[in-house]
Number of protein chains: 2
Amino acid sequence: MEFKEAKNKFVQSWGALGSQWGINKTMAQIHALLMVSNEPVSMEDIMEELQISRGNTSMNLKALMDWGIVYKEYKSGERREFFTAEKDLDELAVKISRERSKREIKPALKILKEVSTIEAKDSAEEKHFVDQTSKLYDFVLKADNMLDKITEFNENWLGRLVLKIMK
Amino acid sequence: MEFKEAKNKFVQSWGALGSQWGINKTMAQIHALLMVSNEPVSMEDIMEELQISRGNTSMNLKALMDWGIVYKEYKSGERREFFTAEKDLDELAVKISRERSKREIKPALKILKEVSTIEAKDSAEEKHFVDQTSKLYDFVLKADNMLDKITEFNENWLGRLVLKIMK
DNA sequence: ACAAACTTTCATTTATTTTTGAAAGTTTAA
DNA sequence: TTAAACTTTCAAAAATAAATGAAAGTTTGT
């Protein structure tokens, strides 16, 4: 396989994969493109490479910056803005899990807390509901904390030890 | 909040959350409904509760059974089929991660392997591409294994110890 | 302060995904 | 073997999500 072909394959596949994970295709593609670029890329170049409109590019770059995984860069003597992706994968994982936790897990916990604390009358049906949603609340909370700790400790000796034990 | 209201809120919210994670709304809603039902539910009842068509119900039940998180049940003397959800959350987590790994992570690894093993010519651009995709391959592989181990050991003492250390 | 060079926004269009429902298929009891 | 009672399939319709592009907004050098 040739370089251009490989690059294209990577970008396209990353886009498709992103969709499956609830991330829009263009956002994933732009991220993929920046990840494998060894130097900052201008908006024009992104538009050109991915064959997408200016508006789409702009919106998705903004979203990526909101997630904290893409940065703006300024080149001296250049009016245009350039973009780079966070390339440290541990850092990337931390930022993605923080963001998903904030956007998706926290709201889920809020709902679970609300519905699991209704006053359960004596019917078996209601008891089961409260029991099951309470368990779910505990479980999601535990999972969320675990993800937090894993990413947090990922780099240091304790994390490495844990990884070793787990393997 | 009253029981019916709480149940409805849970089912609706779970559906919305599912969408964000790339799981279709109805599939997530049916799963939610079955999770909090203390006894098997017929297709008719699911259709009625969620106000969805027979075809939709059938397809999504099939998908949930393919994931291994919903089971068919037969009641003696009843012609109809009934459905229940896996209610053990550890078991649920194991099945969901297995399935997502199989469907999404494994294919991603395949692509990463392919594109990271192209012959890098001497340009800095190509070297960076190979370097970055190789790192990504290693990282995703590591993460996939970790998820595997976490779910696998979740119930036993080692898992508990690790959780404790991490907290 | 101006205008050139750029970026962002958002109403509209387009593409994708999900849902419907009628027809086809299946199972079971008599 | 038949037909009633159910489930599944899939082409078409509906709903949802994403992309476009022109207009509005912003920044920067002179």
Side-chain angles (χ1 to χ4, degrees), chain A residues 11-34 40-67 70-84 100 103-104, chain B residues 11-34 40-67 70-84 100 103-104:
Chain A
V11 171
Q12 293 304 321
S13 308
W14 218 241
L17 198 74
S19 307
Q20 285 193 291
W21 278 92
I23 287 151
N24 95 44
K25 193 182 70 177
T26 305
M27 186 169 157
Q29 286 182 341
I30 294 176
H31 185 244
L33 182 64
L34 295 179
V41 184
S42 72
M43 209 162 104
E44 291 294 335
D45 289 344
I46 295 171
M47 289 167 60
E48 169 63 25
E49 283 232 44
L50 302 180
Q51 288 293 304
I52 54 174
S53 72
R54 190 173 291 287
N56 195 8
T57 311
S58 170
M59 299 275 268
N60 282 297
L61 278 170
K62 187 172 183 304
L64 286 163
M65 289 187 291
D66 288 346
W67 279 60
V70 159
Y71 312 110
K72 242 183 207 169
E73 284 201 9
Y74 299 94
K75 283 193 186 174
S76 54
E78 277 271 15
R79 184 75 159 263
R80 296 177 294 170
E81 296 174 346
F82 290 83
F83 301 89
T84 24
R100 294 215 95 155
R103 289 170 198 241
E104 291 146 25
Chain B
V11 170
Q12 294 304 320
S13 308
W14 217 242
L17 197 73
S19 308
Q20 285 192 292
W21 277 91
I23 288 152
N24 96 43
K25 192 182 71 179
T26 305
M27 185 168 158
Q29 285 182 342
I30 294 176
H31 184 244
L33 182 63
L34 296 179
V41 184
S42 71
M43 211 164 105
E44 291 295 334
D45 289 346
I46 295 171
M47 288 167 60
E48 169 62 26
E49 283 231 43
L50 302 180
Q51 287 295 302
I52 55 176
S53 72
R54 189 173 291 285
N56 196 7
T57 311
S58 171
M59 300 273 269
N60 282 296
L61 278 170
K62 187 173 184 304
L64 285 163
M65 288 187 290
D66 287 347
W67 279 60
V70 160
Y71 312 111
K72 243 183 206 169
E73 284 200 10
Y74 299 94
K75 283 193 186 174
S76 53
E78 277 273 15
R79 184 76 158 264
R80 295 178 295 171
E81 296 173 346
F82 290 83
F83 301 89
T84 23
R100 294 215 95 157
R103 289 170 199 242
E104 292 146 25

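Throughout, protein chains are lettered first and strands after them, A, B, ... in sequence-line order, and every chain is numbered starting at 1.
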For the side chain of [X], starting at C-beta, report the closest nucleotide among [options].
| X | options | answer |
| --- | --- | --- |
| B:Asn24 | D:dT20, D:dA18, C:dT18 | C:dT18 |
| B:Met43 | D:dT7, C:dT7, D:dC10 | D:dT7 |
| A:Glu81 | C:dT7, C:dT18, D:dT8 | C:dT7 |
| B:Ser58 | C:dT20, D:dT7, C:dT8 | D:dT7 |
| B:Ser53 | C:dT19, C:dT7, C:dT9 | C:dT19 |

5' precedence on DNA chain C between B:Ile52 and A:Met65 (nearest-nucleotide basis): A:Met65
Rounding to an integer number of Å, can you tell me how far [X] [atom1] sits from [N] [atom2]?
| X | N | atom1 | atom2 | answer |
| --- | --- | --- | --- | --- |
| B:Gln51 | C:dT19 | CD | C1' | 14 Å |
| B:Gln20 | D:dA18 | CD | P | 11 Å |
| B:Lys25 | D:dA14 | NZ | P | 16 Å |
| B:Arg54 | C:dA24 | CZ | P | 17 Å |
| A:Glu44 | C:dA5 | CD | P | 13 Å |
| A:Asn56 | C:dT9 | CG | C1' | 13 Å |
| A:Asp45 | C:dC6 | CG | P | 12 Å |
| A:Arg80 | C:dT8 | CZ | P | 15 Å |

For residues B:Arg100 and B:Gly22, report the shortest heavy-atom separation together with the two atoms involved. NH2-O, 4.1 Å
NA contact type, A:Thr26, heavy-atom cut-off 4.0 Å: base, sugar-phosphate, or nothing?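 It contacts sugar-phosphate atoms only.
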Within a strict 4.5 Å, meaning less than it, do heavy atoms of the A:Trp67 and A:His31 side chains meet?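 They are not in side-chain contact.
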Do A:Trp21 and B:Trp21 have side chains that get closer than 4.5 Å, going by heavy atoms?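 Contact flag for A:Trp21/B:Trp21 side chains = yes.
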Earlier contact from the 5' end, DNA chain D, for A:Thr57 and A:Tyr74: A:Thr57
Supply the atom-to-atom distance B:Thr26 OG1 to B:Asn56 CG, rounded to the nearest 0.5 angstrom.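 So the gap between those two atoms works out to 4.0 Å.
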Can you tell me if A:Glu48 has over 12 outside heavy atoms packed within less than 6.0 Å of its CD? no
